[in-house]
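Beneath this line is the structure, given in structure tokens, with notes to follow.
Lettering follows sequence order; numbering is per chain, from 1.
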Number of protein chains: 2
Amino acid sequence: MKVFFKNDSSVDFCPVRDVFDRIGDKWTVLVMITLDQGESPLRYHELQERIGDVSQKMLTATLKRLQEDGLISRQLYPEIPPRVEYTLTARGKSLLPHLYRLAEWASEHMRDVKKV
Amino acid sequence: MKVFFKNDSSVDFCPVRDVFDRIGDKWTVLVMITLDQGESPLRYHELQERIGDVSQKMLTATLKRLQEDGLISRQLYPEIPPRVEYTLTARGKSLLPHLYRLAEWASEHMRDVKKV
DNA sequence: CCGAATCCCATTGGATACTG
DNA sequence: CAGTATCCAATGGGATTCGG
């Protein structure tokens, strides 16, 4: 596989950087996996509860960006009080296996590394 | 696959978080892939040149932590001037396929997303 | 219930100068 | 050559308050 670097002046994109710039933050992957583990669409507050230690600000920001990237979809039911459900899109689902494999690798290799 | 959350009080580790905490920063994955693409061990300055836009401070810090995690090894040849060579360890190599798959996914799905 | 807006702190990371 | 050390700017992210 070809990898592009910054001094490769002919190209303006680098898949490796791109993907980690997008999902390498603190919450994005966790939200996606939480949605995947939920057997059905999850509401805002359900997500917050299941993740357990995410602030409203960060959950909102993460959801918004995931939606902009087409990885999740947001369904608003204009009731009183409002209800909002989040689901993974096809694109989002296509990313998940790779994330799980990384997590598997981590549980095999990071156990002794962690200690910090 | 089982995923652990923070409110899962019985466990103190979460593979998903662990791995992204470790490799989700700006340079770690890039260094590993650069080492992998080099057909032989790479010296400090070669790494800096190939990556192109990494500062000395960050390259040094990234290499040190990769070494602490057992993902790369550092060989010092005490000559004048000194020569240092970096290689991927077996554990480091075992992680690479997963990173490449993520990069592949990115080049298929992030092209149109990127635009920001 | 689902956020938006603001404030503030901690961490990341870049530029530069110096050392064995 | 291969780093250290220091200073500083930018970003990430938490706590709190407010709105529809």
For atom [atom1] of [X] and atom [atom2] of [N], their distance in whole Å:
X: A/Asp53; N: D/dG13; atom1: CG; atom2: P; answer: 12 Å
X: B/Glu79; N: D/dC1; atom1: CD; atom2: C1'; answer: 11 Å
X: A/Asp25; N: D/dG14; atom1: CG; atom2: C1'; answer: 15 Å
X: B/Leu63; N: C/dG13; atom1: CG; atom2: P; answer: 14 Å
X: B/Gln48; N: C/dT16; atom1: CD; atom2: P; answer: 14 Å
X: B/Met58; N: D/dC7; atom1: CE; atom2: P; answer: 19 Å
X: B/Ile51; N: C/dG13; atom1: CD1; atom2: P; answer: 13 Å
X: A/Leu59; N: C/dA4; atom1: CG; atom2: C1'; answer: 13 Å

Check your understanding: So do B/Tyr86 and B/Arg43 actually touch side chain to side chain, heavy atoms under 4.5 Å?
Key ->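 Not in contact.
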Checklist entry - Across the strands shown, which category fits A/Tyr77 at heavy-atom distances under 4.0 angstrom: base, sugar-phosphate, nothing? => result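 It contacts nothing in the nucleic acid.
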query: Where do A/Gly70 and A/Arg91 come nearest, in terms of heavy atoms and distance?
result: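 For A/Gly70 versus A/Arg91, the nearest heavy atoms are O-CB, 3.7 Å.
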Nearest listed nucleotide, side chain of [X], among [options]:
X: A/Lys64; options: C/dG14, D/dG3, C/dA4; value: C/dA4
X: B/Lys57; options: D/dC7, D/dC1, C/dA4; value: D/dC7
X: B/Val84; options: C/dC2, D/dA5, D/dG3; value: D/dG3
X: B/Trp27; options: D/dC1, C/dG13, C/dG3; value: C/dG13
X: B/Pro82; options: C/dG20, C/dG13, D/dG3; value: C/dG20
X: B/Tyr44; options: D/dA2, C/dC2, D/dT6; value: D/dA2

Does [X] make a side-chain N or O approach to OP1 or OP2 of [N] shorter than 4.0 Å?
X: A/Lys26; N: D/dG14; result: yes
X: B/Tyr86; N: D/dG3; result: yes
X: A/Arg74; N: C/dG3; result: yes
X: B/Arg43; N: D/dA2; result: yes

Under the criterion salt bridge (charged side-chain N to carboxylate O under 4.0 Å, His left out), I'd like the reasoning laid out for B/Asp53 against A/Arg17: C-alpha separation, chi angles, the key distance, then a yes or no. CA-CA 12 Å; B/Asp53 58 344; A/Arg17 296 187 191 222; 3.1 Å; yes
Q: Test A/Thr62 against every option in A/Val29, A/Val54, A/Thr28 by the side-chain contact (heavy atoms from CB on, under 4.5 Å) rule and name the one that passes.
A: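 It is A/Thr28, the one option of A/Val29, A/Val54, A/Thr28 that forms the side-chain contact (heavy atoms from CB on, under 4.5 Å) with A/Thr62.
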- Message: Checking the side chain of B/Arg65 only, and the main-chain atoms of B/Arg22 only, is there a donor and an acceptor separated by less than 3.5 Å?
- Response: yes
